[in-house]
Protein chains: 2
Amino acid sequence: MNKSLKRMATMNRMQVTGLELFYKKGYYNTSVDDILKELSLSKGAFYYHFDSKEDFLIQIIENLLTRKVYSMLIEPIEGHSNTLDLITECFDDALETAVHNEMDYGFILSNFINEFNGRNPEIMKHLNNIMQIWEVNLVGALQKGKFNGNIDRHVDAEGVAVYLISSYIGIRTLMVETAPSARKYRYMSQLRQYLKSMEPRNITV
Amino acid sequence: MNKSLKRMATMNRMQVTGLELFYKKGYYNTSVDDILKELSLSKGAFYYHFDSKEDFLIQIIENLLTRKVYSMLIEPIEGHSNTLDLITECFDDALETAVHNEMDYGFILSNFINEFNGRNPEIMKHLNNIMQIWEVNLVGALQKGKFNGNIDRHVDAEGVAVYLISSYIGIRTLMVETAPSARKYRYMSQLRQYLKSMEPRNITV
DNA sequence: GAAGTTACCGACCGACTGGTCAGTTTAAAG
DNA sequence: CTTTAAACTGACCAGTCGGTCGGTAACTTC
């Protein structure tokens with residue numbers, strides 16, 4: 001195999017396993033040795049490819065986590081259908097995969113925010129960055145909805161985006177705790193009602 | 001000083017400082033020595049009063065955390081005014097204290113849930129317990145609101161409770177990240193709109 | 001005032017942490 | 001074949017962790 005290909009393959013394997021374990025056990029509770037045992041690799045291999053445990057995490061965030069948020073939460077609402085329907089479907093799908101994870105540990109991004117807030121500003125910068133991308137894209141989608149006439153023009157797009165993100169973070173935390181399926185169902189029906197209240201009012205006062 | 005009084009005073013000092021540090025740095029990232037240094041006490045004193053670090057945490061949860069949730073999130077909505085107003089005011093107050101914490105680390109309860117989920121079922125039991133108490137009380141308040149005619153009788157109290165709790169957990173996480181005050185404002189205005197949609201419909205179809 | 005109890009001290013233990021490094025294996029290049 | 005550099009090994013280091021334990025000062029009880 002080509003040298004640089006092998007390098008990338010190994011680094012990627014490490015990152016995938018690393019993200020998995022950081023997600024399950026938290027960053028500080030996962031030792032570098034834990035990851036290496038899973039991969040049957042040695043300490044030397046790890047520090048050959050990465051400068052430090054922190055550098056390793058940053059690369060995971062930049063490579064894997066960002067991509068995950070894009071594919072699960074951003075791209076699905078970029079379509080041409082009714083924005084409110086796209087958001088509903090996107091949230092429904094995202095929560096459904098969470099329900100089907102036999103072992104769910106919550107929304108990775110908010111787990112990380114909780115773990116690093118006030119402890120590691122460098123990591124927080126990277127996490128904030130992803131959250132901002134999500135927020136900006138949601139606001140954009142909502143504005144497009146207003147422009148297309150699917151959303152009432154009086155709706156405060158930024159407020160709705162904050163409220164949607166909040167509720168999503170929260171329900172993911174709640175689902176981890178008890179009765180995920182029932183909670184998802186209740187959440188989705190309330191979400192639908194909330195979004196319905198944003199449809200254009202045909203009756204002008 | 002009476003011996004048992006001294007015992008309680010010391011134990012309480014330890015718990016208060018423990019909760020503070022666990023909140024700031026997380027449970028696993030706070031060493032017993034960290035807490036003891038803050039109090040100028042020794043290892044021996046700690047293990048004289050508590051069986052283990054975990055036992056210490058459980059007592060903190062049972063004593064301090066439960067009381068905190070009661071006084072901030074449950075008792076304020078037990079009044080006789082309009083339930084929706086009470087909820088609005090309660091959430092507003094809770095978020096306002098978060099804004100004024102110059103160093104905010106999020107909603108303790110959800111931080112703990114994130115840290116212990118899948119790692120420590122014993123602790124999770126105690127945390128779930130508090131969440132359930134909160135949920136039950138919220139549902140009760142909503143039902144009382146329906147009974148008193150402040151809330152439309154078609155409203156799904158359990159669904160709304162889940163949605164309220166979700167959004168609260170989420171906004172607390174978002175507020176630690178960026179622009180807490182602005183985010184609180186946006187959240188509260190959306191929350192008011194959401195709760196308004198539950199007022200009784202006077203016009204029957 | 002002797003004996004017992006409570007509250008606390010701090011040295012110490014063994015397991016584990018992130019990180020280093022001298023040295024070995026692999027495979028492509030000359 | 002020989003050279004070279006990349007990829008990897010695993011023993012090792014200093015430091016931290018939760019927890020133990022022998023000791024002791026202060027107060028109570030008899």
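Remember, it's a predicted structure, so these values are computed and weren't measured experimentally. Numbers restart at 1 for each chain; the letters A, B, ... are given by sequence-line order, proteins then strands.
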Value in whole Å for how far the [atom2] atom of [N] lies from [atom1] of [X]:
| X | N | atom1 | atom2 | result |
| --- | --- | --- | --- | --- |
| D55(A) | dG18(C) | CG | P | 15 Å |
| K53(A) | dT17(C) | NZ | C1' | 8 Å |
| H49(A) | dC8(D) | NE2 | C1' | 8 Å |
| L41(A) | dG18(C) | CG | C1' | 17 Å |
| L36(B) | dC9(C) | CG | P | 9 Å |
| F46(A) | dG10(D) | CZ | P | 17 Å |
| Y48(A) | dA5(D) | OH | P | 12 Å |
| L39(A) | dC8(D) | CG | P | 11 Å |

For this session: Among dA7(C), dG19(C), dC9(C), find the nucleotide with the atom closest to the side chain of Y47(A).
Result: dG19(C)
Problem set entry | Per A45(B) side chain, nearest of listed nucleotides dC8(D), dG19(C), dC9(C) | dC9(C)
Exercise. Is the base of dG18(C) touched by the side chain of K43(A) through a donor-acceptor pair closer than 3.5 angstrom?
Worked result: yes
Exercise. Would you say Y23(A)'s side chain and Y105(A)'s backbone share a donor-acceptor pair under 3.5 angstrom?
Worked result: yes
Exercise. Is the number of heavy atoms from other residues, nucleotides or ligands within 6.0 Å of OH (Y47(B)) greater than 12?
Worked result: yes
For this session: May I ask you to check whether over 12 heavy atoms, not counting those of Y28(A), lie within 6.0 Å of atom OH?
Result: yes
Exercise. Is it true that E177(A) and R172(A) make a salt bridge, defined as a side-chain N closer than 4.0 Å to a carboxylate O?
Worked result: no
Exercise. Does R192(B) come within less than 4.0 Å of D92(B), counting only side-chain N to carboxylate O?
Worked result: yes
Problem set entry | DNA chain D contacts made by residues 12-34 of chain A, counting heavy atoms under 4.0 Å | none
Exercise. Given the side-chain rings of Y27(A) and F112(A), with only the six-membered ring counted for Trp, is the space between their centroids under 6.0 Å?
Worked result: no
N/O (side chain, [X]) to phosphate O (OP1/OP2, [N]) under 4.0 Å:
| X | N | result |
| --- | --- | --- |
| T10(A) | dC8(D) | yes |
| R7(B) | dA7(C) | yes |
| S42(B) | dG10(C) | no |

Problem set entry | Modelled atom types, side-chain donor and acceptor of N63(B) and Q15(B), under 3.5 Å | yes
